[in-house]
Amino acid sequence: MFGGKAGLLAAVGAEADRQLADELRGSLRHDSVEGDMRSLCRAYRRWALENEGLYGLVVGEPVRSPRGDMGGGPDDDDNVDPHWRGPLLEVVDALVDEGVFRTADVHETTTAIWASLHGVVSLELSVWRDSPSAEQYFETQLAAILRSWTVGGAGGGSSTGSDSGSGGAMSRTTVAG
């Protein structure tokens with residue numbers, strides 16, 4: 001039916017990919033693009049913590065399936081972006097279009113942001129699982145990610161002021177939202 005163990009794992013991974021994409025889309029409130037970015041990143045972490053085994057299938061080494069890898073070309077069926085990446089791409093694209101994030105290639109920016117998110121989430125799953133500070137570590141990394149891409153943030157330009165957490169420029173470490 002699935003073509004063996006690899007096919008079964010691929011099918012489970014594809015379903016998990018769709019579940020994560022649905023979770024990320026469901027986290028978007030559309031009240032502000034900055035708020036959506038924070039909500040999406042937090043939903044990514046929450047889903048990973050609640051679905052640790054599935055998370056490994058979605059972001060780990062491909063078993064080979066519809067999931068593909070992150071670097072595929074448009075004509076290569078084996079290199080299709082995962083579904084969960086769509087909401088992140090859309091929010092990053094909106095942040096660039098609205099001038100909140102500095103102008104950069106949206107795919108490269110999204111990949112860099114995902115790499116940071118994946119790193120901190122993976123550390124939480126493997127090292128900080130029982131740490132009462134794990135959530136603060138995540139929030140600190142989230143603030144750093146956002147600040148590094150914000151126009152005038154650490155990634156370039158001059159400072160644009162403080163972030164109230166409710167839709168202002170994302171240039172300071174405050175991440176309450």
Side-chain angles (χ1 to χ4, degrees), residues 13-14 16-25 27-28 33-74 76 78-97 100-129 131 133-157 163 170-173 175 177:
D17 175 30
R18 281 190 285 280
Q19 289 176 14
L20 177 54
D22 290 346
E23 183 74 20
L24 297 180
R25 284 203 192 288
S27 74
L28 304 178
V33 72
E34 296 98 332
D36 279 350
M37 185 64 175
R38 287 186 188 91
S39 295
L40 185 141
C41 292
R42 290 174 181 140
Y44 178 89
R45 173 184 178 257
R46 186 174 47 254
W47 190 90
L49 294 175
E50 293 171 358
N51 301 279
E52 185 173 353
L54 294 177
Y55 179 72
L57 284 175
V58 172
V59 300
E61 283 297 315
V63 180
R64 187 52 264 129
S65 79
R67 192 181 73 73
D69 72 16
M70 299 296 278
D76 189 348
D78 286 342
N79 291 318
V80 176
D81 275 344
H83 291 97
W84 67 262
R85 189 169 157 89
L88 182 58
L89 275 164
E90 291 165 16
V91 171
V92 169
D93 189 44
L95 286 162
V96 171
D97 284 350
V100 177
F101 274 11
R102 57 191 154 86
T103 302
D105 180 87
V106 172
H107 288 272
E108 289 177 10
T109 303
T110 299
T111 299
I113 290 169
W114 171 75
S116 295
L117 282 175
H118 174 64
V120 73
V121 167
S122 294
L123 283 168
E124 182 168 359
L125 290 169
S126 62
V127 178
W128 303 325
R129 180 55 117 171
S131 172
S133 301
E135 185 172 3
Q136 184 55 49
Y137 298 154
F138 175 83
E139 292 295 330
T140 299
Q141 183 63 21
L142 176 56
I145 291 167
L146 299 177
R147 188 173 49 251
S148 71
W149 288 101
T150 301
V151 171
D163 174 14
M170 293 187 286
S171 64
R172 301 276 185 211
T173 58
V175 295

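When reading the values below, keep in mind they use all heavy atoms of this one structure, side chains included, and skip hydrogens, waters and symmetry mates.
- Residues passing the side-chain contact (heavy atoms from CB on, under 4.5 Å) test with Ser116, sequence neighbours excluded: Gln141, Ile145.
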Show, in sequence, the C-alpha distance, side-chain angles and deciding distance for Val100 and Val151, and conclude whether the side chain to side chain contact (heavy atoms under 4.5 Å, CB included) test is met. CA-CA 6 Å; Val100 177; Val151 171; over 6 Å; no

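- For the 3.5 Å distance criterion, the side chains of Arg85 and Thr111 qualify, holding a donor opposite an acceptor.
- Within the model, atoms CZ of Arg25 and CG of Asp36 stand 11.5 Å from one another, a figure rounded to the nearest 0.5 Å.
- Annotation: side-chain contact (heavy atoms from CB on, under 4.5 Å) contacts of Ala115 (sequence neighbours excluded): none.
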Take Leu95 and Trp149 through the test side chain to side chain contact (heavy atoms under 4.5 Å, CB included) and record every step on the way to the result. CA-CA 9 Å; Leu95 286 162; Trp149 288 101; over 6 Å; no

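- The side-chain contact (heavy atoms from CB on, under 4.5 Å) test applied to Asp93 returns Asp97, Val106, not counting sequence neighbours.
- Atoms SG and CD, on Cys41 and Glu139 in that order, are 9.5 Å from each other to the nearest 0.5 Å.
- Heavy atoms only, all atoms of each residue included: Leu54 and Ala16 are closest at CB-CB, 3.8 Å.
- Residue pairs meeting the salt bridge (Lys or Arg N to Asp or Glu O under 4.0 Å) criterion with at least one member in residues 107-128, sequence neighbours excluded, are Arg45-Glu124.
- Scanning for ring-ring contact (aromatic ring centres under 6.0 Å, His included) contacts around His107 gives an empty result, with sequence neighbours left out.
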Could you go step by step and tell me if Gln19 and Trp84 meet the side chain to side chain contact (heavy atoms under 4.5 Å, CB included) rule? CA-CA 8 Å; Gln19 289 176 14; Trp84 67 262; over 6 Å; no

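- Qualifying side chain to side chain donor-acceptor pair (under 3.5 Å) partners for Arg46, counting only residues two or more places apart in sequence or in other chains: none.
- Among residues two or more places apart in sequence or in another chain, the ring-ring contact (aromatic ring centres under 6.0 Å, His included) test is passed with Tyr55 by Tyr44, His118.
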The test is side chain to side chain contact (heavy atoms under 4.5 Å, CB included); show your working for Met37 and Val92 and say whether it passes. CA-CA 8 Å; Met37 185 64 175; Val92 169; 4.1 Å; yes

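- Side chain of Asp17 to main chain of Pro82: no donor-acceptor pair is present (N/O by atom type, distance under 3.5 Å, no hydrogens or angles).
- Sequence neighbours left out, not one pair with a member in residues 109-119 passes salt bridge (Lys or Arg N to Asp or Glu O under 4.0 Å).
- With values rounded to the nearest 0.5 angstrom, Leu20 atom CG is found 12.0 Å from Leu57 atom CG.
- Residues Gln136 and Thr140 bring a donor and an acceptor atom of their side chains to less than 3.5 Å of each other.
- For Glu52, the salt bridge (Lys or Arg N to Asp or Glu O under 4.0 Å) partners two or more places apart in sequence, or in a different chain, are Arg129.
- Residues passing the side chain to side chain donor-acceptor pair (under 3.5 Å) test with Ser39 are Arg29, sequence neighbours excluded.
- The distance from the CZ atom of Phe138 to the OG atom of Ser133 is 15.0 Å, given to the nearest 0.5 Å.
- Taking all atoms of both residues into account, the shortest heavy-atom contact from Leu125 to Ala48 is CD2-O, 4.0 Å.
- Checked by atom type and distance alone, the side chain of Thr150 never pairs as donor or acceptor with a backbone atom of Gly152 at under 3.5 Å.
- Separating the CG atom in Asp22 from the CH2 atom in Trp47 is a distance of 10.5 Å, to the nearest 0.5 Å.
- Checked against side-chain contact (heavy atoms from CB on, under 4.5 Å), Ser126 has no partners two or more places apart in sequence or in another chain.
- The side-chain heavy atoms of Val127 and Tyr137, taken from C-beta on, include no pair separated by under 4.5 Å.
- No side-chain heavy atom of Arg102 sits less than 4.5 Å from a side-chain heavy atom of Val96.
- Interatomic distance, CG of Leu117 versus CG of Leu88, reported as 7.0 Å (0.5 Å rounding).
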